[in-house]
Amino acid sequence: MLIYNTLTRKKEEFTPINPPNVNMYVCGPTVYDYFHIGNARSFIMADVIRKYLEYKGYNVKYVMNLTDVDDKIIKKSNEEGVEAGNVADKYSKAFMDDITRLKIKPATVYPKATEHMDEIVGLVKKLEENGAAYNVDGNVFFNVNNFKGYGKLSGKKTDELEVGARIEINDEKENPLDFSLWKKAKPNEPAWDSPWGGGRPGWHIECSAMSMKHLGETIDIHAGGNDLIFPHHENEIAQSEAATHKDFVKYWMHFGFLNINQEKMSKSLGNFFTAREVLKKYPAEALRLLYTQTHYGGPLAFSEDLLASAAKGSMKLKNAADRMKEGLQSSADGDFTFDFDKFYSSFEAAMDDDFNSPKAVAVVYDFVKEFNAYLNANENPGKEFFNKSIEFMTKTADDVLGIVTVNGNEKVEEADSGLLDKLINTFIELRTEAKQNKNYALADSIRDKLKDIGVVLQDSKTGTTYKIEN
RNA sequence: GGCGGCGUGGCCAAGUGGUCGAAGGCGAAGCUCUGCAAAAGCUUUAUUCAUCGGUUCGAAUCCGAUCGCCGCCUCCA
């Protein structure tokens, strides 16, 4: 299996440090607002990667941090006049809700910065003792010049950075590139005790501290958006490796941006849609199909038209899954000759090549096509054929890619004891009678009126079924 | 200025030296089904890979130049 490693800028054979265990860390959200569909791209693609590793039999420990103390949270709490902790709680919960609706499997742990102050302070202390950091009146900075590997991830050279930098002038820093490990508390800011006085962690240090605590000093995979390469991930490497003198991460993976109107979607530009607003109109499967149809590392130009196309594409998969389930119900035992292995190996070959999900998606569609062809050509393929088909769809398209939900209830929910279902079927029966009496005006009227309220009738050889449109 | 990425059919997008006379999705057209539709299924849909040169027996794939687009270097997935 190959993974593109940002550190070496090459595809490398994936060999976990301690197989079959894989330790994976993904930079999570700062919980000060709802996340947008650009952020969702990273979360979804990280989810696909994690799930494929699990598909391959790895035991994945997946950690995603929640940054619950930071400038933006403090700003929001001042604006709204509520405690910073309340802001963080509110959006942490919202994050969990949205993640669930996006069919993202929960992380093994969601560590929070505020719950790891001991580890963070301990790490900063260690860096200070090492001579890798210095304290100026309660602000602790990392000394970039003392870390020889600085720039190895981003390919930046410190001297060039200094020249062209637009870095904020801070007289306390020995070098403009030095970054905060510990920030001295200002009035009305949340603060924690430390050897340097009251304060809070710098932006980068929490990820190092929590990654080490939950996954160890050297981990297999660390992933995040492209924009985190510099300075965030570069700084994480510096502070972690200066403390442990070990490699911090074996494989660095980065996700491409979601662009809209030729620009990166971002909060500051205001050109974003939140995941929750998009989910009101489109199913998670549609968004996941749109994302998995593009390689995770490249840019993706978003538009609603594209999402609408993906929604149609995911329906095709859903129809096939439904056909499989119906086939299973109605068929007897029987023999079949159908090469499932061929599709599994194509799927794996695609995903083994740096998680080539677009190719993997194509394999799923090829499978669906062949499934349909086989079904059209064979009267009774037998239960086992349908079982195996459902299994394929479940393992690949549902469990790994999340572009279809094989066992979702597409009919009316149980909540009303099936009353609505019976009601609609009553109308269908009335229409069928009208058709038998050649009263097409009435039949069409029933069909049109149901459509007006979002119930679409579908005639076929075996009878009439319905679909609820949202 | 430094560093990185991108340019493939109407739209999106894989492919990075021969099996490409280029996957897959959406769209479009035709067919099957139907009382008519819709839905569903089937079939068809790129002599061509931004442009121009070069390397090679052979290039969308390698090299060079040109044009266009995006990102990072400052908070950002």
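In what follows, every chain begins at residue 1, and chains take the letters A, B, ... in the order their sequences are listed.
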Between [atom2] on [N] and [atom1] on [X], what's the gap in Å once rounded to a whole number?
X: A/Lys312; N: B/G24; atom1: NZ; atom2: C1'; value: 18 Å
X: A/Leu153; N: B/C73; atom1: CG; atom2: P; value: 14 Å
X: A/Gln436; N: B/U34; atom1: CD; atom2: P; value: 15 Å
X: A/Trp252; N: B/A77; atom1: CH2; atom2: C1'; value: 14 Å
X: A/Phe273; N: B/A77; atom1: CZ; atom2: C1'; value: 17 Å
X: A/Phe302; N: B/A77; atom1: CZ; atom2: C1'; value: 16 Å
X: A/Leu317; N: B/G25; atom1: CG; atom2: P; value: 10 Å
X: A/Tyr34; N: B/A77; atom1: OH; atom2: P; value: 17 Å

Is the distance from OP1 or OP2 of [N] to the nearest side-chain N or O of [X] less than 4.0 Å?
X: A/Lys264; N: B/C72; result: yes
X: A/Lys316; N: B/A40; result: no
X: A/Asn376; N: B/G41; result: no

Contact check, side chains of [X] and [Y], non-hydrogen atoms, under 4.5 Å:
X: A/Phe248; Y: A/His222; value: yes
X: A/Phe35; Y: A/Phe43; value: yes
X: A/Ile205; Y: A/Val124; value: yes
X: A/Met64; Y: A/Met210; value: no

Base [N] paired with [X] side chain (donor-acceptor, <3.5 Å):
X: A/Lys156; N: B/C72; value: yes
X: A/Asp366; N: B/A23; value: no
X: A/Arg447; N: B/A37; value: yes
X: A/Asp444; N: B/G35; value: yes

Looking across every strand, which nucleic acid part, if any, lies under 4.0 Å from [X] by heavy atom: base, sugar-phosphate, or nothing?
X: A/Leu375; result: nothing
X: A/Gly38; result: base
X: A/Arg431; result: base
X: A/Leu228; result: sugar-phosphate
X: A/Tyr440; result: base
X: A/Ser309; result: sugar-phosphate
X: A/Met45; result: nothing

Salt-bridged, [X] to [Y], with N to O below 4.0 Å?
X: A/Glu189; Y: A/Lys183; result: no
X: A/Lys93; Y: A/Asp97; result: no
X: A/Asp398; Y: A/Lys103; result: yes

Q | Aro-ring/base stack A/Phe255-B/A77, d under 5.5 Å, angle under 30° | A |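 Check failed, A/Phe255 does not stack on base of B/A77.
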Ring-face cation contact, [Y] with [X], 6.0 Å cut, 45° max:
X: A/Lys325; Y: A/Phe386; answer: no
X: A/Lys11; Y: A/Tyr4; answer: no
X: A/Lys90; Y: A/Tyr32; answer: no

Q. Quick one: OG on A/Ser180 to CG on A/Asn235, what's the gap to the nearest 0.5 Å?
A.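 The OG atom of A/Ser180 sits 10.0 Å away from the CG atom of A/Asn235.
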Given [options], which nucleotide is nearest the side-chain atoms of [X]?
X: A/Lys369; options: B/C75, B/A40, B/U43; value: B/U43
X: A/Ser268; options: B/A77, B/C75, B/G24; value: B/C75
X: A/Gln262; options: B/C70, B/A23, B/A77; value: B/C70
X: A/Asn39; options: B/A77, B/A37, B/G25; value: B/A77
X: A/Asp459; options: B/A37, B/G35, B/A77; value: B/A37

Rounded distance in Å between the [atom1] positions of [N] and [M]:
N: B/A23; M: B/U48; atom1: P; result: 15 Å
N: B/G71; M: B/G64; atom1: P; result: 25 Å
N: B/C33; M: B/A28; atom1: P; result: 22 Å
N: B/U32; M: B/A37; atom1: C1'; result: 15 Å
N: B/U45; M: B/G21; atom1: C1'; result: 16 Å
N: B/A29; M: B/C63; atom1: P; result: 43 Å

Q: Starting from the 5' end of RNA chain B, give me the residue, A/Cys27 or A/Ala308, whose nearest nucleotide shows up first.
A: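 Nearest-nucleotide comparison on RNA chain B picks A/Ala308.
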Q. How do A/Val368 and A/Leu289 order along RNA chain B: which one's closest nucleotide is nearer the 5' end?
A.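 Final value for this comparison: A/Leu289.
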For nucleotides 4-14 of chain B, print each protein N/O atom paired with a nucleotide N/O atom at under 3.5 Å, atom names and distance only.
from: B/A13; atom 1: O2'; to: A/Gln293; atom 2: O; distance (Å): 3.3
from: B/A14; atom 1: OP1; to: A/His295; atom 2: N; distance (Å): 2.9
from: B/A14; atom 1: O3'; to: A/Asn356; atom 2: ND2; distance (Å): 3.1

**Q.** 5'-to-3' dot-bracket of RNA chain B (Watson-Crick, G-U; under 3.5 angstrom; crossing pairs as [ ]; | other strand)
**A.** ((((((((.[[[..)..(.....]]]((((((.......))))))....[[[[[..)....]]]]])))))))....
Q.
With ring pair (Phe, Tyr, Trp, His ring centres under 6.0 Å) as the criterion, how do A/Tyr365 and A/Phe367 come out once you've worked through the C-alpha distance, each side chain's angles and the decisive distance to 0.1 Å?
A. CA-CA 5 Å; A/Tyr365 277 97; A/Phe367 168 76; over 10 Å; no
Q. Do any N or O atoms from the side chain of A/Lys156 and from the backbone of A/Phe230 form a donor-acceptor pair under 3.5 angstrom?
A.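 No; judged by distance alone, with no hydrogens or angles, the pair does not exist.
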